[in-house]
Amino acid sequence: MSTSLKPMALGYVLLAVLRREVSLGMRQKGEVLTPLVFFVVIASLFPLGVGPESALLLRMAPGVLWVSALLAAMLSLQRMFATDYADGSLEQMALSTTPLALLVLAKALAHFVLAGLPLVFMAPVLGLQFGLDTRALGILMLSLLLGTPTLSLIGSIGAALTLGVRGAGVLLSLLILPLYIPVLIFGAGAVEADAAGLSIGGHLSLMAALLVLSLFFSPLATAAALRISLE
């Protein structure tokens, strides 16, 4: 990573790019509404499909809600770099003095704000139809708050690798879904552990560790993948 810019300047650039990406995303309502509507529809289909048995719904809730959130967060990954790639902005970013990894980090965080954060706030509403109590809903929100930024950061690698590739959506899913498995296991596991009367500290600690690792490694890997895609 280039050291030509001071840390304070890098932080300013990060915030400026993050604000720009969020502002542009908010102008396109589909960026925010599509994952949210998909999340609601998928999570709502399960109670209709398996019937009103409360014990079964309660047991299924953590897995169903987490899988629905994971799939919803993936919907907009393909567009993370597509617009900048099409209009040539991505090449300018790669040639600028600002580290490309920093710009990638800002775009991944913007994806979390636009696609992941709404899921965190919608999850308790959907959890009510599965019969989750207040404590379980709080743990579900906390696990999603730790997990969805990790999904955006890991997903940025797949978005970069499949940039400009025909059939990128399917390829992106095949590349990214295996990497999402630990987040899914620990996220749903935290809610299930609490329901079983077990400690959730281990699950949440591992999710926090995954988030930290993703914050450090994902932007570097994504920047490298983007340079390969631009060649």
Side-chain angles (χ1 to χ4, degrees), residues 1-2 10-11 13-26 28 30-32 34-35 38 69-87 89-94 96 98-120 144-165 167-184 187 207-231:
M1 180 179 293
S2 171
L10 292 176
V13 172
L14 175 66
L15 291 176
V17 176
L18 177 59
R19 281 199 300 267
R20 172 185 174 273
E21 294 295 326
V22 172
S23 176
L24 290 175
M26 292 298 291
Q28 301 175 350
E31 295 282 336
V32 180
T34 301
F38 183 83
L70 184 151
L71 295 176
M74 283 186 60
L75 280 182
S76 54
L77 280 176
Q78 195 178 341
R79 295 192 295 273
M80 187 180 291
F81 304 111
T83 304
D84 292 329
Y85 179 70
D87 64 14
S89 301
L90 195 57
E91 291 188 37
Q92 298 300 319
M93 292 180 188
S96 73
T98 304
L100 183 57
L102 186 74
L103 302 175
V104 166
L105 176 61
K107 293 181 78 67
L109 292 177
H111 180 269
F112 160 68
V113 172
L114 295 170
L117 204 53
L119 305 182
V120 176
L144 286 170
L145 196 59
L146 286 171
T148 45
T150 307
L151 299 181
S152 295
L153 287 162
I154 294 175
S156 68
I157 302 174
L161 286 172
T162 58
L163 193 62
V165 176
V170 177
L171 184 58
L172 174 63
S173 302
L174 294 175
L175 288 172
I176 293 303
L177 279 177
L179 301 177
Y180 279 177
I181 290 175
V183 183
L184 173 64
M207 293 193 73
L210 287 174
L211 176 57
V212 172
L213 289 173
S214 299
L215 280 170
F216 184 79
F217 288 109
S218 290
L220 298 175
T222 304
L226 285 176
R227 293 189 189 282
I228 293 173
S229 297
L230 290 172
E231 289 179 354

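Only a predicted model underlies this, so the values are computations on that prediction, with no experimental measurement involved. Just so you know, these numbers use all the heavy atoms, side chains as well, and skip hydrogens, waters and symmetry mates.
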- Task: Please examine the side chains of Leu153 and Leu215, heavy atoms only from C-beta on, and report whether any two atoms are closer than 4.5 Å.
- Result: yes
- What are the two closest heavy atoms between Leu220 and Ala101, and how far apart are they? CD2-CB, 3.9 Å
- For the residue pair Leu114 and Ser76, establish whether any side-chain heavy-atom pair is separated by less than 4.5 Å. no
- To the nearest 0.5 angstrom, please state how far the CZ atom of Arg227 sits from the CG atom of Leu90. 9.5 Å
- Message: Rounded at 0.5 Å granularity, tell me how far CG in Leu145 sits from CG in Leu211.
- Response: 9.0 Å
- Hey, does Phe81 have a side-chain heavy atom less than 4.5 Å from the side chain of Val104? yes
- Item | Donor-acceptor under 3.5 Å (Ser23 side chain, Arg20 main chain) | no
- Query: Is Tyr85 close to Leu226 at the side-chain level, that is, under 4.5 Å between some pair of heavy atoms?
  - Reply: no
- Query: Would you call Glu21 and Leu18 a side-chain contact if the rule is heavy atoms closer than 4.5 Å?
  - Reply: no
- Of all heavy-atom pairs between Ala221 and Ile157, which one has the smallest distance, and what is that distance? CB-CD1, 4.0 Å
- Show your working on side chain to side chain contact (heavy atoms under 4.5 Å, CB included) between Ser156 and Lys107 and close with a plain yes or no. CA-CA 9 Å; Ser156 68; Lys107 293 181 78 67; over 6 Å; no
- Item | Test item: Thr162 and Gln78 side chains (from C-beta on) under 4.5 Å apart, heavy atoms | no
- Residues Asp84 and Asp87: closest non-hydrogen pair is O-OD1, 2.9 Å
- Item | Pairing residues for Arg79 by the salt bridge (Lys or Arg N to Asp or Glu O under 4.0 Å) criterion, not counting sequence neighbours | Glu31
- Task: Check for a donor-acceptor pair, side chain of Ser229 on one end and backbone N or O of Ala160 on the other, with a separation under 3.5 Å.
- Result: yes
- Task: Grab the two heavy atoms, one from Ala159 and one from Met80, that are nearest each other, plus how far apart they are.
- Result: CB-CB, 4.4 Å
- Message: Tell me which pairs pass salt bridge (Lys or Arg N to Asp or Glu O under 4.0 Å) where either residue lies in residues 147-163, with sequence neighbours left out.
- Response: none
- Message: Could you measure the distance from the CG atom of Leu146 to the CG atom of Leu210? Nearest 0.5 Å is fine.
- Response: 10.0 Å
- Task: Measure the CG-CG distance between Leu103 and Leu14 for me, rounded to the nearest 0.5 Å.
- Result: 9.0 Å
- Message: Testing the basics here: between Leu119 and Ala73, what is the closest heavy-atom pair and its distance to 0.1 Å?
- Response: CD1-N, 4.1 Å
- Is the closest side-chain heavy-atom distance between Ile176 and Leu151 below 4.5 Å? no
- Taking all non-hydrogen atoms of both residues, which atom of Gly155 and which atom of Leu77 are closest, and how far apart? CA-CD1, 3.6 Å
- Heavy-atom side-chain proximity of Thr83 to Leu24 below 4.5 angstrom: no
- Euclidean distance, Leu117 CG relative to Leu109 CG, rounded to 0.5 Å: 11.5 Å
- Query: Atom OG in Ser152, atom CG in Leu105: separation rounded to 0.5 Å?
  - Reply: 11.0 Å
- Message: Go through it in stages, so that I can follow the logic: the residues are Leu70 and Leu177, the test is side chain to side chain contact (heavy atoms under 4.5 Å, CB included), and I'd like the CA-CA distance, side-chain angles, deciding distance and then a yes or no.
- Response: CA-CA 9 Å; Leu70 184 151; Leu177 279 177; 3.6 Å; yes
